[in-house]
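Inspection log for the structure reproduced underneath, given as structure tokens.
Residues: numbered from 1 along the sequence shown. In what follows, every heavy atom counts, from backbone to side chain, and hydrogens, waters and symmetry copies are set aside.
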Amino acid sequence: MHLLRVLLLNVAINTSSSAVFLIIVTNSFGEIKSTVFKKYTPESLFPIVASDIVERFYLVVDLIFVLARLSISPRGGAFTWSDIVYWLVFLVAIEVGTDWVKFCLIFK
């Protein structure tokens, strides 16, 4: 599963900016929808927080793999490094924002 995420992120970055945005929005919407509309007890919140920590770690590892792959590939693509870094920072910011919204709705 982890290598599939790296492959998907790499293809999305190399394809177009709209593909990256589509992946980010779809992932964020699915995450909020799957967790917000359930009842939680205080004991059941620990696995959610732990899974978010693991998810962020995987995201950082995925980004390192993608950047390493892009740095060694001989590409003369249409995207500059600033475009790629912009989308990767945008991806991390949206993931953090999604987690904030999710926890605000859960702890309301």
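Going from atom CZ of Arg56 over to atom CG of Asp99 covers 4.5 Å, rounded to the nearest 0.5 Å. Rounded to the nearest 0.5 Å, atoms CG (Asp52) and CD (Glu95) are 9.0 Å apart.
Under a hydrophobic clustering in which Ile, Leu, Val, Met, Phe, Trp and Tyr are joined whenever their side-chain heavy atoms come within less than 4.5 Å, directly or via other members, Val85 and Phe65 fall into different clusters. Phe46 and Leu105 are assigned to two separate hydrophobic clusters, defined by single-linkage of ILVMFWY side chains at heavy-atom distances under 4.5 Å.
Between Ile64 and the options Val60, Leu67, Asp62, a side-chain contact (heavy atoms from CB on, under 4.5 Å) holds for only Val60. Applying side-chain contact (heavy atoms from CB on, under 4.5 Å) to Ile94 and the options Val96, Thr98, Leu91 leaves one that passes, Thr98. When each of Val61, Leu59, Ile53 is tested with Phe57 by the rule side-chain contact (heavy atoms from CB on, under 4.5 Å), just one qualifies, namely Val61.
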(request) Start with the C-alpha distance between Leu88 and Val92, add both sets of side-chain angles, then the distance that settles side-chain contact (heavy atoms from CB on, under 4.5 Å), and finish with yes or no. (result) CA-CA 6 Å; Leu88 294 179; Val92 170; 5.9 Å; no

(request) Tell me, with the steps shown, if Phe103 and Val49 meet side-chain contact (heavy atoms from CB on, under 4.5 Å). (result) CA-CA 9 Å; Phe103 286 123; Val49 173; 3.9 Å; yes

